[in-house]
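Here's the structure we're looking at; comments come further down.
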Amino acid sequence: MTFQAPKGTFDWLPPRSEQVLAVREALVAPVRLAGYGYVETPVFEDTQLFARGVGESTDIVSKEMYTFPDKAGRSLTLRPEGTASVVRAVLQHNLQAGQLPVKLWYSGSQFRYENVQKGRYRHFWQVGAEALGTEDPALDTELIVLAARGFAALGLRNVRLLLNSLGDKTCRPVYRAALQDFLRGLDLDDDTRARIEINPLRVLDDKRPEVQAQLTGAPLIVDHLCEGCKAYHEEVRSLLTASGIAFEDDPKLVRGLDYYTRTTFEFVHGGLGSQSAIGGGGRYDGLSEMLGGPPLPSVGWALGVDRTFLAMEAEGLLPETAPGRVQVYGVALGDDARRRMFHLVAELRGAGVSADMAFGGKGLKGAMKGADRSGARFALILGERDLAAGAAQVKDLTTAEQTEVPLAQVVDVLKGKVQ
RNA sequence: GUGGGUGUAGCUCAGUUGGCAGAGCGCCAGGUUGUGGUCCUGGAUGUCGAGGGUUCAAGUCCCUUCACUCACCCCA
């Protein structure tokens, strides 16, 4: 072994790779049903997009970005999240000039230079959905319902939904000041004291018991919401309830990105080691302006594909046995038969029947082993004797029953059998 | 950045007070010169993570180092 995947990255191999593909598709399906359109943005962007969009004070920007200069000296960064890119694309192409909201979904790799542990890798995958340009609690709720539907479709039962409101530009600063006053009076380490000045809400998220113990009397945002935010939040809550989506109010739910306002939520699961979130999102009414655009109140989420996969593994939802790779497997004996088989297999594929064959000049026994391991229901056997007779043997590998079929009918017969 | 754990066959792992490098699964071949999955027989696969030291002798003891992994911090 001379090379291995870089630290914090890993390969998806069959059959898990097929399963994770299915996970991704299941998470995305509800969004597509709701009229969200697919957007694909570059894997790297101008570093400043993330610095301004995600926020200079966040850990993501201050120490977790994969930043590099290109040959012309531009500073580029591998995307650490998807929302900033989507907003950039919307603004660049003036999509907000059309009908609102602009509904988009995406799926792809994200990168953060973090210390590695279970459920946290330097290369990870998210699917995301964003609804831009409209302020409507029904839109926040729609997105939450769609995410919940995706998790439910995968069979996940132990997903919890945490919900909070972070207020807006009217009430958030007032609360922030009140919280800072409270936190400054606590006995905290230097790093945490520094965080009070930069991003005080994050302190609420501290997991250490000695910190949490001191936070019991902390002022909570729910008690400081302005009338507008309070009404908005209540509407989201009642729509969620009416939709039959269970959630827990979590007044200390804060997320790692600066741009969130009002509705914030997180889907958590216990099967990820010390990580917990399998998805999350919220409203980001000020992000467009932070990026130099017009006011564009928006809401969105991102769901962790690899984390969802871990959650499914923890719940025992991944099948033990791999599904068959193909339906028919060709076994040929002799050079002439091999050439004929090569074309028969191509014809089968052309007819919509998945097919593979033994390559590499294996003997009959080895080729039949290949047929067995492929998971194929039928082996298509062609030897010199069969070729001379203008026929092939079709063997049902589940019953060992074998019948002779004229070569001209092989494709039709197999097509009929696999349906 | 900090701490714990683990590195032996493709995979999962044994390996005793230092004394011939092992098992199961997988892989290959044969039993069956045209038939898989079960069964039987045989076979191949190793820088014991790397480097150094102690010793007649090191997978085993000592030092250094690297990787992986889990956790802290932090985060989806």
Side-chain angles (χ1 to χ4, degrees), chain A residues 1-10 13 27 54 58-65 79-83 110-122 124-128 147 162 189-192 195 199 202-203 205-209 211 253-257 260 264-269 272-282 300-308 310-311 329 331-334 337 358 360 362-387 392-402 404:
Chain A
M1 172 63 82
T2 45
F3 289 102
Q4 53 185 325
K7 188 180 186 68
T9 70
F10 59 92
L13 302 173
L27 290 177
V54 177
T58 62
D59 284 287
I60 292 175
V61 170
S62 59
K63 58 187 192 196
E64 293 174 359
M65 295 203 304
R79 61 187 181 201
E81 58 105 38
T83 302
Q110 317 288 342
F111 306 87
R112 291 184 198 174
Y113 194 93
E114 304 197 73
N115 290 308
V116 180
Q117 60 184 250
K118 183 169 185 176
R120 191 176 68 180
Y121 309 103
R122 292 182 175 184
F124 56 103
W125 295 264
Q126 289 184 333
V127 299
L162 309 178
D189 61 277
D190 289 347
D191 282 350
T192 309
R195 201 171 305 134
N199 198 341
R202 292 227 54 83
V203 179
D205 223 14
D206 201 308
K207 277 197 299 196
R208 291 171 294 185
V211 176
L253 176 66
V254 176
R255 295 175 46 76
L257 289 66
Y260 284 114
T264 52
F265 52 91
E266 203 162 279
F267 291 90
V268 297
H269 193 277
L272 312 177
S274 70
Q275 310 304 314
S276 60
I278 59 174
W301 49 240
L303 313 181
V305 176
D306 44 289
R307 283 195 177 177
T308 301
L310 287 177
Y329 194 92
V331 172
L333 291 148
K362 283 194 177 66
L364 178 64
K365 190 184 175 86
M368 286 301 293
K369 270 182 189 288
D372 189 52
R373 287 168 198 166
S374 74
R377 171 80 187 275
F378 298 100
L380 178 61
I381 303 162
L382 187 66
E384 300 295 347
R385 288 209 303 262
D386 304 304
L387 204 52
Q393 309 295 326
V394 172
K395 181 168 185 175
D396 185 326
L397 292 171
T398 56
T399 63
E401 185 185 344
Q402 185 168 313
E404 186 167 291

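Per chain, numbering begins at 1; letters A, B, ... match sequence-line order.
- Note that the CG atom of D386(A) and the CD atom of Q393(A) stand 4.5 Å from one another [nearest 0.5 Å].
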Shorter than 3.5 Å, N or O on both sides, protein versus nucleotides 3-7 of chain B: list them out with atom names.
none

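- For the pair K369(A) and G37(B), the criterion of a side-chain N or O lying under 4.0 Å from OP1 or OP2 is met.
- The P atoms of U65(B) and C13(B) are separated by 27 Å, rounded to the nearest whole Å.
- A gap of 8 Å separates the C1' atoms of A21(B) and C48(B), to the nearest Å.
- At C27(B), one or more side-chain N or O atoms of R373(A) fall inside 4.0 Å of OP1 or OP2 (strictly under the cut-off).
- Side-chain to base pairing of D372(A) with G37(B): no donor and acceptor N or O lie closer than 3.5 Å to each other.
- Here the side chains of R385(A) and L333(A) are not in contact, with every heavy-atom distance at 4.5 Å or above.
- For the salt bridge (Lys or Arg N to Asp or Glu O under 4.0 Å) test, residues two or more places apart in sequence or in another chain that qualify with R377(A) are D396(A).
- Here, G10(B) and U2(B) have their C1' atoms 36 Å apart, quoted to the whole Å.
- Between A147(A) and W301(A) the shortest heavy-atom distance is CB-NE1, 3.5 Å.
- Relative to the side chain of Q4(A), the nucleotides G34(B), A67(B), C75(B) differ in distance, and A67(B) lies closest.
- One can find a donor-acceptor pair under 3.5 Å joining the base of C74(B) and the side-chain atoms of R120(A).
- Distance noted for atom C1' between C70(B) and U38(B): 41 Å (whole Å).
- Between G34(B), U35(B), A76(B), one nucleotide has an atom nearer to the side chain of Q402(A) than all others, and that is U35(B).
- The main-chain N or O of A277(A) is found under 3.5 Å from a side-chain atom of R307(A) such that the two form a donor-acceptor pair.
- Scanning RNA chain B for stems, defined as runs of 3 or more consecutive Watson-Crick or G-U wobble pairs whose donor-acceptor distances all fall under 3.5 Å, gives the following ranges: B:1-7 with B:66-72, B:10-13 with B:22-25, B:27-31 with B:39-43, B:49-53 with B:61-65.
- Residues I278(A) and T308(A) share a closest heavy-atom pair of O-OG1, 4.0 Å.
- Going from the C1' atom of G1(B) to that of C73(B) covers 9 Å, rounded to whole Å.
- In this structure, CG in L272(A) is found 6.0 Å from CG in L310(A), a value given to the nearest 0.5 Å.
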Between the protein and nucleotides 69-71 of chain B, which nitrogen or oxygen pairs come in under 3.5 angstrom?
unit_1 : atom_1 : unit_2  : atom_2 : d
C70(B) : OP2    : K118(A) : N      : 3.4
A71(B) : OP1    : S274(A) : N      : 2.9
A71(B) : OP2    : K118(A) : N      : 3.3

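- Taking atom CD of E64(A) as the reference point, atom C1' of C74(B) lies 7 Å away to the nearest angstrom.
- The closest side-chain heavy-atom distance from L380(A) to V394(A) is below 4.5 Å.
- One atom, CG of L364(A), and another, P of G37(B), lie 11 Å apart when rounded to the nearest Å.
- Per the geometry, CZ belonging to R122(A) stands 17 Å off P belonging to A76(B), to the nearest Å.
- Put simply, the side chain of S274(A) reaches to within 4.5 Å of the side chain of Q117(A), judged on heavy atoms.
- Computed from coordinates, the F265(A) CZ to A76(B) P distance equals 13 Å when rounded to whole Å.
- The ring-ring contact (aromatic ring centres under 6.0 Å, His included) search around F10(A) returns W12(A), Y121(A), W125(A), not counting sequence neighbours.
- Minimum heavy-atom separation, Q126(A) to A302(A): OE1-CB, 3.6 Å.
- Of the P atoms belonging to G15(B) and G59(B), the separation is 16 Å, rounded to the nearest Å.
- What separates CG of L13(A) from P of C11(B) is a distance of 12 Å, to the nearest Å.
- Residue R195(A) places at least one side-chain N or O closer than 4.0 Å to OP1 or OP2 of C74(B).
- If you take CG of L333(A) and P of U35(B), they are 9 Å apart, rounded to a whole angstrom.
- If you check distances only, the side chain of K365(A) never reaches the base of U35(B) with a donor-acceptor pair under 3.5 Å.
- A337(A) and L387(A) get closest at one heavy-atom pair: N-CD2, 3.7 Å.
- G4(B) and G51(B): their P atoms are spaced 26 Å apart (whole Å).
- Looking at residues two or more places apart in sequence or on another chain, you find no salt bridge (Lys or Arg N to Asp or Glu O under 4.0 Å) involving D372(A).
- Of the possible donor and acceptor atoms, one in the side chain of R122(A) sits under 3.5 Å from a partner among the backbone N and O of E114(A).
- If you take atom C1' in U45(B) and the same atom in C25(B), they sit 14 Å apart, rounded to whole Å.
- Separating the CZ atom of F3(A) from the C1' atom of A67(B) is a distance of 15 Å, rounded to the nearest angstrom.
- Heavy atoms of A379(A) sit nowhere under 4.0 angstrom from any nucleic acid atom.
- Here F267(A) lies out of heavy-atom contact (under 4.0 Å) with every strand.
- When the nearest nucleotides of RNA chain B are assigned to R385(A) and D306(A) by heavy-atom distance, the more 5′-ward of the two goes with R385(A).
- Spacing between atom CZ of R202(A) and atom P of C73(B) amounts to 12 Å, rounded to whole angstrom units.
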